[in-house]
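Report on the following structure.
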Amino acid sequence: MKLTHLLALPASLLALLTPTLAGPEYNEHLHLLPLSNDYLYAGFNFTSTTSLSAYESHHYRYFPRSLGQILQYTHTSELHLRFALGRWDDESWGARPRDGGREGGTGVELWAWIDRDGGGEKVEERWGDLVNSLSGLFCASLNFIDGTKTVRPVLSFESEGSSRGSDGVGQQLLHGTLPNEVVCTENLTPFLKLLPCKGKAGISSLLDGHKVFDANWQTMSIDVRPICPSSATNTDDECMLEIQQTVDVVLDIERSMRPRDDPIPRPRPIEEIECDETKHYNGPDSCYPKRKEGAMGWSLSKIFGTPVLGSCHLAEDDAHENVDITLEVPSTRVVETSALQLSSPVVDAQNTDIRHFKLQEGIHRTDLTLPYQPNVASTLRSQPPLYATRQITGHGQERGGMHTLLHNPHPYPQTIIYLETLPWFLRPYMHTLKISHKSSSKTVELEKMFYTPAIDRKRATKLEVQFTVPASTTLELTYDFEKAVLRYTEYPPDANRGFDIAAAVIRVLPQSQTAAQSQAQSGAAGSGCKGRGSYLRTTSLLLPLPTPDFSMPYNVIILTSTVIALGFGSIFNLVVRRFVLVGEVPRGPLHAVVARVRELVGKVRGGKMGKAGDVGGDLGGADEDSGSGGKDTGVSTGKSGGISDPVMGSGSDKVD
Amino acid sequence: MPLLARLLTLRNSPLLLQLPPFASALCIVVGIAWLFILPLDEYSRQTYVSENAILPGQVHTYFGGSEHNVFRAYRQEVYGISGWDERDRLNAVESVIRDIGLKPARQDYRYTVAGEDIEGTNLYTILQGPRADATEAMVLIAAWRNFDGQVNFSGVALVLTLARYFKRWSIWSKDIIVLIPSDSTYGPEAWVSAYHSTATEVTSSRNVSELPIKAGALQAAVAIDYPVGPWGHRFDKLDILYDGINGALPNLDLLNTAVSIANGQMGIGCSLHGITAHSDKYPDRLKILTKGVITQSAGHATGPHSAFMPYHVDAITLKTLGDGWHDEMSLGRTTESIFRSINNLLEHLHQSFFFYILLGAQRFVSIGNYLPAAMLIAGNFTVTALALWVQSGRAPIASSPKSGSTNKQLQEGQLEVVKTAGAIVLIPKQATRTVQRQLFVPVLAVLAVHLLGILPIQALNTLNRAYLSLGLRIIAAISYILPAFIAIILVRGVKVSRQQIQIMQSFSLLLLGAALSTLATLNFSLAFVVGVLAAPLSFVRPLSIGRRSSNGSDVAIAMGSMGRYGQYLVEILGALTWTAVSPPTVLYAMTWYFDKDMQWMLLEMAKGWHAQGVYTPLVIWSIWWPAWILGGIVLVAGAAERVE
């Protein structure tokens, strides 16, 4: 509903939208790229689109119904969900796939644009509904993304959809992270269920939990965005809703190729190890293993444990050049294909290293094999836009420091936006925030800063800064923080593990846009994928907080302290108390009045008590008992009686 | 009420006033005896693994087969480069690490202590756990030279082989950092301190460069010490080194894990403090206890693991001992199993004890059982201090209760008529008279002497190594002259009274008692040793030799009817004891006992102070030494009075 009126936008705005449309309704693609040190990158992408009108009238075809209903119910116009695990090794693997645009920080990351009509509370309510529904759908603890983990970034994210025109009044961006969520098979299964072929056919049949989660780096993402065609080109085209599901993994080829029935990496027999025979000590008992050279042999079926089963060509216009698998290896590398059809163009026109394949219809098992090849020139990966590492420094229970290193390897300056979401129990000292050159400790000016301080137990800290990293330099971003002490019940069961701090999100603004980026983020133009720049995320951190010793010694300390306190109390009492005779106590002016009143009250009560005793009612009986006790012993003071019964209290007073 | 009243009257009981010296002595005797009963079965316990997640020895270890060939090759490699100079050696090790497929990193460090340079380079690499998210890490260390200065051939080779072997496993939930420091003490110290900081401030004594790559929070560290070259040597026992800097200890669970894996899974016997023949009987247990107390009170590093303790990273060193039938593969499998166990940890090691005294590899005393020993000794000073305080508040006559003949004295105008609330009471004058305590001079004296303690610390830690022993000799000489000097100034110049001397001693002992009882919770051994050595200070009273009025010391009172000569004897003995247990004499005695060079020891202490952050010198020179000087002042003050 919210998206339909986008059509009525002024033409001037829509003219800026990039026309990205009219492909097949469902498309899947696998990108394979061997990386250095015998790693293999595999990027799965599943895209399906549906027209907005069908979506709004609940016609689901390739768009998953379960997700669609949630989005409609929560008035979410754009959704980005990430599940990530492991680390991308910038130094050996180069730039991140898809410019980092389809990855998340360790754990779960979610951001969405939610319709703002109905006010801020309504947005929060919808956000709550969204995370809870997604939590159920993906078997993840997304429901723990509450107010303390949600922030509203200003600069870091831009809407990918082309419905951007109505932004500013219509939608609110919310961003939440769960760094301590462990991504596992239980999240992959519902992910595959959303696909039209459900992981049974086509390239999605390769996605097996055992292999995906044995990866060194793995990220799953779901991106839903509306796309509206530019009205200038074709007014008849209606708006579309696109869902992109991607799974990016980096697998250790050697580890993945291990047979499934014997997954234990036992030391290999000595015969299988290639020894360096030039070493003087080389002999039957000593073997210096040679450094691995050449490209390791691998095949789809060995790496993923299964070949590609069938195909999943669902779009009607299958004549369209639909590429299933793209392989990016040097052109000299031998590739054996079984039942794979090289789609035309056979190799990419610009880059001879890229080969495209298409799955053939009706073939049940399709495999791709690259045998071992000793001398293969390794493909040079492009350098990442930026290297970033983040660490917690200091030790002890009270203070700490955050230390981020940002290295720009390129010969041109880059403007970046750095976003950090900090839990409330980590209290940054903003006056210590400093960005400086690592070598010269010259400070760098902040261009923009959006900072939301935390509210204890209610809101997280959001720190969003924009600054420029000069050419070929390393910058250091540091600030000190204080660790809060949690309440006893706020500790999780594994309190001594520490608390996870979400990854920092770094957005590197594209070169061309750096100058004109102020216009871009003012929201007029929904720039295309290229215009958003690239993203990278640091690793998440573990923050040790002061933790009470929950076990026995804690009780012992409490007990001992109590005993000492009692002992101290009585001795202190003894030492400071003055003992005087009653007669020596000076009488205050009120004393006479109080005594008089007491006497009067006593008289009246005394009469009553006698009466009650005579009547011998329930209450009276009880009174009698305690009363007689008081009389017998004669030590009861007014207070002890007073606790049980006020009437008795004054009675025993009289006895005294 | 009656009970309280009775207690109140007890306040004035002469018996109670005579009690403190005995109570003090009792505290000391019981405190020392306490330590001797700890090795008994009734007071110590069998160790046990407390953290369920560790599951020691529950996994099958696969380190073996062709890895042995690789190990031998690496050992040849390490042996081949051992004669090379530092830079070539580092390059060679780096190339091995690269061949394994890991990225090496370096860190240079340099400490300058007493004119001596300690330089080296730490070489390390991070094996990123496939299941890890860079939040946690464990450290595998093999120092190039072990603690005794031998080249750790097999240790380094084993660590490299293990790195290659570990890399194939996908089970690691924590990163594994393989660290090869140049030496066993300062390299790990430089590395771990740089790991926890960004500050690279270069001071005159410390220049530690930053770490180029880091992983997450360190969970545990295991160091391997196996200095055997390619000729090979089968070992008998695994010595587990566990003392950290300043007597800090690793979590007992880590130690238990190592012991139970080595013992139970691999069949390698474990020993502590190099005592291989351990019968688990009283004498052996006591020997281990004593060794532990000595190393922990010294507070210095005992191996590459020691530097990790102040950063709350539990660490141990596995050192091979003796001739036996265990080879490097057993050690490798033990290490593998230990790492598998640490890998199992869901939380930082916290379940088991951090404070314990080991009596054997499988027997320990927990803090609740041993702490009273040090506390009692520290308490003895407090008892005496309080007694002195009470005494100083009384009229001087009060201190001569020749209790037998009080009646006579009382009649001679010592009674006072008090009229209160219509009653007339006769009260001894001394009970009603209060004495104003004059605190200024005593407080000033105590403060000044404690501040003076900075001088020996400064001198011994900044002097050039050549002048260190001379420095100590001068300090010793000054230490003996200073008390007499100050006492004469105080008695003749400032004209302090007897009461002020008492108050001064009271403050000094109060401070000593408080400092030692606090220290006992941090470093039990040091507090205990210093407490025992300082114990005579509780009994120091102004010398009364030759003084006419024999209202002398409490010791004499305690002696009851013993004659004046007995009192002199006691005083002379006391003075001699005071002279004998001064900090400088104890240092000299230690060098004599351990047969070490004085200069070497002072240099080690200076290195410990600057490079490792050992606070033992602080305890000696600003807690014990001032108390000892003040004791001396009290002692001489009596004599000074007499001369006057």
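The basis for the numbers below is simple: all heavy atoms, side chains too, and nothing from hydrogens, waters or symmetry mates. Within every chain, numbering begins at 1; the chains are lettered A, B, ... in the order of the sequence lines, protein sequences first and strands thereafter. Quick caveat, the model's predicted, so the values are computed rather than measured.
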| Shortest non-hydrogen contact from B:E347 toward A:A495 | OE1-N, 3.5 Å
| task | State the CG-CG distance between B:L345 and A:D494, to the nearest 0.5 angstrom. | result | 12.0 Å
| Which pair of heavy atoms, one from B:A73 and one from A:Y288, lies closest together, and at what distance? | CB-N, 3.4 Å
| message | Looking at chain A, which one of B:F63, B:W169, B:F71, B:Y311 has the largest number of heavy-atom pairs inside 4.5 Å, strictly under? | response | B:W169
| request: Could you point out which residue of B:I100, B:V70, B:N69 forms a side chain to side chain contact (heavy atoms under 4.5 Å, CB included) with A:P289? | output: B:V70
| remark: Turns out that what part of B:R75 lies under 4.5 Å from chain A's heavy atoms comes down to neither
| request: Would you check if the side chain of B:S66 reaches a backbone N or O of A:R268 as a donor-acceptor pair within less than 3.5 Å? | output: yes
| request: Can you tell which part of A:A215 gets under 4.5 Å to a heavy atom of chain B, answering side chain, backbone, both or neither? | output: backbone
| query | Is it the backbone or the side chain of A:L85 that comes under 4.5 Å from a heavy atom of chain B, or both, or neither? | reply | neither
| message | I'd like to know which of B:H196, B:K103, B:R72 tops the heavy-atom pair count under 4.5 Å against chain A. | response | B:R72
| query | Can you say whether A:R266 sits under 4.5 Å from chain B via the side chain, the backbone, both, or neither, judging by heavy atoms? | reply | both
| query | Who among A:E271, A:R291, A:K279 has the most heavy-atom pairs with chain B under 4.5 Å? | reply | A:R291
| query | In Å, rounded to the nearest 0.5 Å, how long is the span from NE2 of B:H68 to CG of A:D285? | reply | 8.0 Å
| field | Among A:I392, A:D500, A:N496, residue most engaged with chain B (heavy-atom pairs, under 4.5 Å) | value | A:N496
| note | By residue number, those in residues 393-405 of chain A with heavy atoms under 4.5 Å from heavy atoms of chain B are A:T393, A:G394, A:H395, A:H403
| Who wins among A:I264, A:T539, A:L543, A:L541 for the most heavy-atom pairs under 4.5 Å with chain B? | A:I264
| Do you know which of A:D214, A:N216, A:T106 has the most heavy-atom pairs with chain B at a distance under 4.5 angstrom? | A:D214
| task | With a 4.5 angstrom heavy-atom cut-off, could you sort out which part of A:P284 is near chain B: side chain, backbone, both or neither? | result | backbone
| request: Could you look at A:D38 and say if it's the side chain, the backbone, both or neither that has a heavy atom under 4.5 Å from chain B? | output: neither
| message | Need one label for B:P230: side chain, backbone, both or neither, based on atoms under 4.5 Å from any heavy atom in chain A. | response | neither
| Would you say A:H210 has more than 12 foreign heavy atoms packed within less than 6.0 Å of its NE2? | no
| request: Return the minimal non-hydrogen interatomic distance between A:P265 and B:Y165, and the atom names on each side. | output: O-CE1, 4.3 Å
| Below 4.5 Å, heavy atoms only, C-beta onward: do A:K438 and B:E210 meet side chain to side chain? | yes
| said: Going by the rule ring-ring contact (aromatic ring centres under 6.0 Å, His included), which residues pair with A:H407 if we only count those two or more places apart in sequence or in a different chain? | reply: A:Y387
| Of all of A:T560, A:D252, A:N37, A:D89, which one pairs up most often with chain B through heavy atoms under 4.5 Å apart? | A:D89
| note | Residues A:L542 and B:E136: closest non-hydrogen pair is CD2-CG, 3.5 Å
| field | Chi angles and distances behind the side chain to side chain donor-acceptor pair (under 3.5 Å) call for A:Y281, B:E77 | value | CA-CA 9 Å; A:Y281 49 75; B:E77 203 72 15; 2.3 Å; yes
| Quick one: does A:E254's side chain get under 4.5 Å of B:K167's, heavy atoms only? | no
| message | Does A:F572, at its CZ atom, have more than 12 non-hydrogen atoms belonging to other residues, nucleotides or ligands within less than 6.0 Å? | response | no
| task | Taking the side chain as every heavy atom from C-beta outward, state whether B:H312 and A:P544 have any atom pair closer than 4.5 Å. | result | no
| query | Between A:R87 and B:D175, what is the shortest heavy-atom contact and its length? | reply | NH2-OD1, 2.7 Å
| task | Pick one of side chain, backbone, both or neither for A:T389, based on which atoms fall under 4.5 Å of a heavy atom in chain B. | result | neither
| Is chain B contacted by the side chain of A:P492, its backbone, both, or neither, given a heavy-atom distance below 4.5 Å? | neither
